[in-house]
Student: 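Could you have a look at this structure, given as structure tokens, before my questions?
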Amino acid sequence: MAAAKPYRAWFESLSDSSEQYPLEEIIYTDRAGGLLQVVHDMEALKQHSADEWKQKFDRRARRSDWPYGSGVWGKKEWVLPGVADENVVSMYEGNTNLFWAERYGRELGLENLWIKLCGNSHTGSFKDLGMTVLVSQVKEMISQGVDIPAVACASTGDTSAALAAYAAAASIPAVVFLPRGKISLAQLIQPVANGAIVFALDTDFDGCMEIVREVSERDGVYLANSMNSLRIEGQKTVGIEIIEQFDWEVPDWIIIPGGNLGNVSALAKGLDMLLELGLVDRKPRICVGQAEAANPLYLAYQKDFEVFEPIAARQTVASAIQIGNPISKDKAIDALRRYDGVVEQASEAEIMEACAAADRTGLFNCPHTGVALAAMQKLLGRGLIKKSDRVVVVSTAHGLKFTDFKQNYHEMRLEDFAPTHANPPIELDARYDKVRDRMLQEIDLRFRG
Ligand SMILES: *Cc1c(COP(=O)(O)O)cnc(C)c1O
């Protein structure tokens, strides 16, 4: 399927389609200070039928034909067509498992609940999907002689882990700004191990964001936060992949946690392309889950998005979404309007209980996934989600990156509530009779009671 019209993509202002820039330009916002988006030449992509694209994606997935085996680069023409294959920096991200959460669904009264486990990725979160694209574009630009001294980001933990890994693989210096004491040890150790220049600053995420914007404006380091719309291009494959995994059938609901709101924008952008290129003919509904402690989108939703007011985010176990002034709010609101969207919130207790209840059925959830699970449960309770609906919860990170809150929960070291599913290890003398009595008692209690 040779294309007569070359595949092309460029940056474009969200508010004025005549304001365009090449992807090789170092630019993050339009003249009015709004976000840019990457726009594709859809006429070029339409030279192929929906079936041709489906077959092409299917042929490439998980093979070793560089770089197309990656879940992101298997869709290269839709993502970043202009980058040379040898400049792609990939660790075969994407193609993560989507599985039927049969027992958890049954316990909630849902027949068709699925989990998209984006945390099963190189650095343990979906951030890899966007970072492979951004770092590849930077490598392409450097190969063309553009002077980029380093790539940099502010992070609540997962963005910096992904940036550090991909930059290290490409031999490009990485600088990360983290809020001191506010991210997990697993998240901190990732950029440290990958050799990034790591700053732990006495501020929150929003404060780190201000610093990185300043060094990118004044010192020419390349900004890798999601205000850089290249990341959205990689992250948008999540929705495409979910539908591909359902053999191109569209689920009824996709539930996703939101902080800076790049990911929900990306989800919708991927779905938009599927619709426009005819691979699907209907839309799922989207629900964004927010922590009550960091809920500016939820508050705006309560007012039909007529106003959006940034807030000072309070502390939450869902540390990656502890963001009060989300950069992609306009894109996200737009996405929710297109996908008949809903926003829900979850308290700290609800987040932890949802994680723990689902963990009991064999899952191992990060707290952000807990936010989505709690949101899903509320929609189910309100009758918005029906018993027979096919529901996908996007699990955004691997639970092993967030063990502290689970430990506090199971060892019952929480101030505000008594956990329902606490399961602390049983400490006992190493004597057969004692162990046996307790073991039989526990089996009875848990599975026969
Ligand atoms: C970044 C992140 C989110 C939030 O994504 P946004 O694009 O900021 O809304 C959710 N969960 C995890 C684990 C993350 O790392």
Side-chain angles (χ1 to χ4, degrees), residues 28-29 123-125 127 131 134 149-165 167-168 173-228 231 257-262 290-297 309-329 348 351-352 366-368 371 396-397 401-408 413-416:
Y28 314 107
T29 52
T123 71
S125 86
K127 298 293 199 298
M131 218 46 98
L134 182 138
V151 287
C153 72
S155 177
T156 50
D158 292 327
T159 301
S160 49
L163 180 65
V175 187
V176 308
F177 299 97
L178 304 168
R180 189 159 76 96
K182 293 199 174 81
I183 68 168
S184 77
L185 175 63
Q187 289 175 310
L188 175 63
I189 207 67
Q190 287 182 294
V192 166
N194 286 140
I197 301 162
V198 179
F199 290 99
L201 303 181
D202 263 323
T203 179
D204 57 5
F205 170 80
D206 297 304
C208 289
M209 195 64 221
E210 277 173 39
I211 299 281
V212 77
R213 284 172 88 143
E214 206 160 337
V215 299
S216 79
E217 266 162 40
R218 295 189 177 187
D219 306 295
V221 301
Y222 194 80
L223 184 67
N225 280 95
S226 59
M227 72 181 284
N228 185 325
R231 282 190 33 212
N260 231 346
L261 305 177
Q290 290 211 299
E292 207 175 293
N295 63 352
L297 186 71
E309 287 166 29
I311 62 165
R314 300 182 305 279
Q315 200 177 344
T316 166
V317 289
S319 51
I321 56 175
Q322 188 178 328
I323 293 170
N325 189 12
I327 196 89
S328 294
K329 62 169 192 305
E348 294 302 289
I351 296 168
M352 287 188 263
C366 79
H368 324 91
V371 171
T396 46
K401 287 181 109 175
F402 300 90
T403 49
D404 293 4
F405 90 100
K406 285 190 200 291
Q407 193 178 2
N408 290 336
R413 285 197 257 117
L414 300 166
E415 278 161 28
D416 309 329

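Worth saying up front: this structure is predicted, and the values here are computed from it rather than measured. Side-chain atoms are counted along with the backbone in the values below, which use heavy atoms only and exclude waters and symmetry mates.
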Student: Checking side chain to side chain contact (heavy atoms under 4.5 Å, CB included) against C208, which of V176, T156, T203 comes through?
Tutor: T203
Student: Specify the closest pair of heavy atoms between A224 and R231, including all atoms of both residues, with the distance to one decimal.
Tutor: O-NH1, 2.8 Å
Student: If every non-hydrogen atom of P179 is compared with every non-hydrogen atom of S155, which pair is closest and at what distance?
Tutor: CD-O, 3.1 Å
Student: CZ of F402 to NE2 of H368: how many Å apart, nearest 0.5 Å?
Tutor: 4.0 Å
Student: Could you check whether any side-chain heavy atom of Q290 comes within less than 4.5 Å of a side-chain heavy atom of P296, counting everything from C-beta outward?
Tutor: yes
Student: Give the minimum heavy-atom separation between A293 and E348, together with the two atoms involved.
Tutor: CB-OE2, 4.3 Å
Student: For N260, run the side chain to side chain contact (heavy atoms under 4.5 Å, CB included) check against I323, T159, I321 and tell me which one passes.
Tutor: I323
Student: How many angstroms lie between SG in C366 and CD1 in I351, if you round to the nearest 0.5 Å?
Tutor: 10.5 Å
Student: Between A164 and A174, which heavy-atom pair has the shortest distance, and what is it?
Tutor: CA-CB, 4.4 Å
Student: With distance as the sole criterion, is a donor-acceptor pair present between the side chains of N225 and Y28 under 3.5 Å?
Tutor: no
Student: Check the surroundings of atom CZ in R413: do more than 12 heavy atoms from other residues, nucleotides or ligands lie under 6.0 Å from it?
Tutor: yes
Student: Is the F177 ring parallel, tilted or perpendicular to the F199 ring (thresholds 30°, 60°)?
Tutor: parallel
Student: Of all the heavy-atom pairs spanning Q322 and A294, show the shortest one and how long it is.
Tutor: CA-CB, 4.0 Å
Student: Are side-chain heavy atoms of M352 and F405 found at a separation under 4.5 Å?
Tutor: yes
Student: Can you tell me how far apart CG (D158) and OG1 (T396) are? Round to the nearest 0.5 Å.
Tutor: 7.5 Å
